[in-house]
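Below: the structure, in structure tokens.
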Amino acid sequence: MLPICILAIRDDDDRAYMTRLYVKYQRLMYRTIYDILGDKWATEDVLQTTLLRLIDHLDTLRRLEPEGLAGYIAAACRHTAYNAVRDSSRHPWLPLDGGPEVPDERQEVEDRVLRRLELDALAQVWPRLDENTRWLPEARYILDYSDGELARELGVKPDSVRMALTRARRKARRLMENQHSKENV
């Protein structure tokens with residue numbers, strides 16, 4: 001189903017062009033925005049706003065090569081999504097996801113977005129980590145084991161726990177970086 005903002009375009013050629021563009025890049029647009037927001041309803045709203053901005057720049061869109069067009073559209077989606085996140089932190093009574101949680105105004109928008117992206121990347125590689133590498137961060141950060149408890153479980157000195165945690169984090173980070181480099185190829 002086409003968004004109403006495309007159907008409302010008066011010029012038949014412009015409407016046909018935007019319809020083709022939307023059909024071709026709909027998944028890219030939705031995924032780009034959803035990766036930042038993580039909420040399907042907010043994603044739909046931002047998608048509509050992005051389409052309105054793209055309609056305002058039809059001349060630019062028509063001049064772009066197909067390779068550059070996808071990047072331009074993705075960038076427009078990212079910027080509109082970041083603006084929505086920033087605006088929701090300026091107006092905490094209007095949470096972006098519609099939920100009861102009010103954004104923490106002290107935390108920078110970019111930090112929240114980056115943390116969300118890193119958590120999503122970690123979730124993708126987590127099943128590929130070996131059991132011992134997964135156990136250590138889970139025990140430390142989720143189960144809240146102390147260094148002494150971790151040392152007993154691992155059969156090492158308490159001073160060695162920090163290094164074991166560092167190695168586990170590095171292994172996860174390497175997998176995340178490999179995953180990211182594969183996606184960008």
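Listed here is the closest heavy atom pair of Thr32 and Ala74: CG2-O, 3.6 Å. Between Arg10 and Arg15 the shortest heavy-atom distance is O-NH1, 3.6 Å. Nearest heavy atoms, Gln48 versus Cys5: OE1-SG, 3.7 Å. Smallest separation of non-hydrogen atoms from Ala172 and Val125: O-CG2, 4.2 Å.
Relative ring orientation between His79 and Tyr82 is described as perpendicular, the plane-to-plane angle rising above 60° on a 0-90° scale split at 30° and 60°.
Note that OH of Tyr22 is 6.5 Å distant from CG of Leu51, once rounded to the nearest 0.5 Å. Note: Leu58 CG to Ile9 CD1 = 6.0 Å, rounded to the nearest 0.5 Å. The CE atom of Met176 lies 15.5 Å from the NZ atom of Lys171; values are rounded to the nearest 0.5 Å. The NZ atom of Lys24 lies 14.5 Å from the OG1 atom of Thr19; values are rounded to the nearest 0.5 Å. Leu47 CG to Cys77 SG: the interatomic distance, rounded to the nearest 0.5 Å, is 6.5 Å. Here Arg63 contributes atom CZ and Tyr72 contributes atom OH; the two are 9.0 Å apart, rounded to the nearest 0.5 Å.
Of the charged side-chain nitrogens involved, at least one lies within less than 4.0 Å of a carboxylate oxygen, so that Asp14 and Arg62 count as a salt-bridged pair.
Leu52 and Leu28 fall into different hydrophobic clusters, where Ile, Leu, Val, Met, Phe, Trp and Tyr are joined by side-chain heavy atoms under 4.5 Å apart, directly or via other members. Leu61 and Leu7 fall within the same hydrophobic cluster, where Ile, Leu, Val, Met, Phe, Trp and Tyr residues are linked whenever their side-chain heavy atoms come under 4.5 Å apart, directly or through other members.
Partners of Arg31 by side-chain hydrogen bond (donor to acceptor under 3.5 Å, both in side chains), not counting sequence neighbours, listed by chain and number: Asp35. For Trp41, the side chain to side chain contact (heavy atoms under 4.5 Å, CB included) criterion is met by Asp39, not counting sequence neighbours.
The backbone N or O of Leu136 lies less than 3.5 Å from no partner atom in the side chain of Tyr145, so there is not a single donor-acceptor pair.
Taking 4.5 Å as the limit, some side-chain heavy atom of Met18 sits within range of a side-chain heavy atom of Leu21. The shortest distance between side-chain heavy atoms of Thr49 and Arg53 falls below 4.5 Å. Glu153 places none of its side-chain heavy atoms less than 4.5 Å from the side chain of Glu149. Between Arg20 and Tyr25 there is no side-chain heavy-atom pair separated by less than 4.5 Å. Trp135 places a side-chain heavy atom less than 4.5 Å from the side chain of Leu150.
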Practice item. Might you work through the side-chain contact (heavy atoms from CB on, under 4.5 Å) test for Glu44 and Lys40, ending with a clear yes or no? Key: CA-CA 6 Å; Glu44 290 292 337; Lys40 69 179 186 172; 5.6 Å; no
Practice item. Output, in order, the C-alpha distance, side-chain angles, deciding distance and verdict of side-chain contact (heavy atoms from CB on, under 4.5 Å) for Arg140 and Asp147. Key: CA-CA 8 Å; Arg140 177 62 165 174; Asp147 285 349; 3.4 Å; yes
Under 3.5 Å donor-acceptor pairs involving side-chain atoms of residues 159-166, not counting sequence neighbours:
| from | atom 1 | to | atom 2 | distance (Å) |
| --- | --- | --- | --- | --- |
| Thr166 | OG1 | Arg162 | O | 2.9 |
| Thr166 | OG1 | Arg169 | NH2 | 3.3 |

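For the side chain to side chain contact (heavy atoms under 4.5 Å, CB included) with Thr50, the qualifying choice from Ile33, Ile55, Asn83 is Ile33, the only one to do so.
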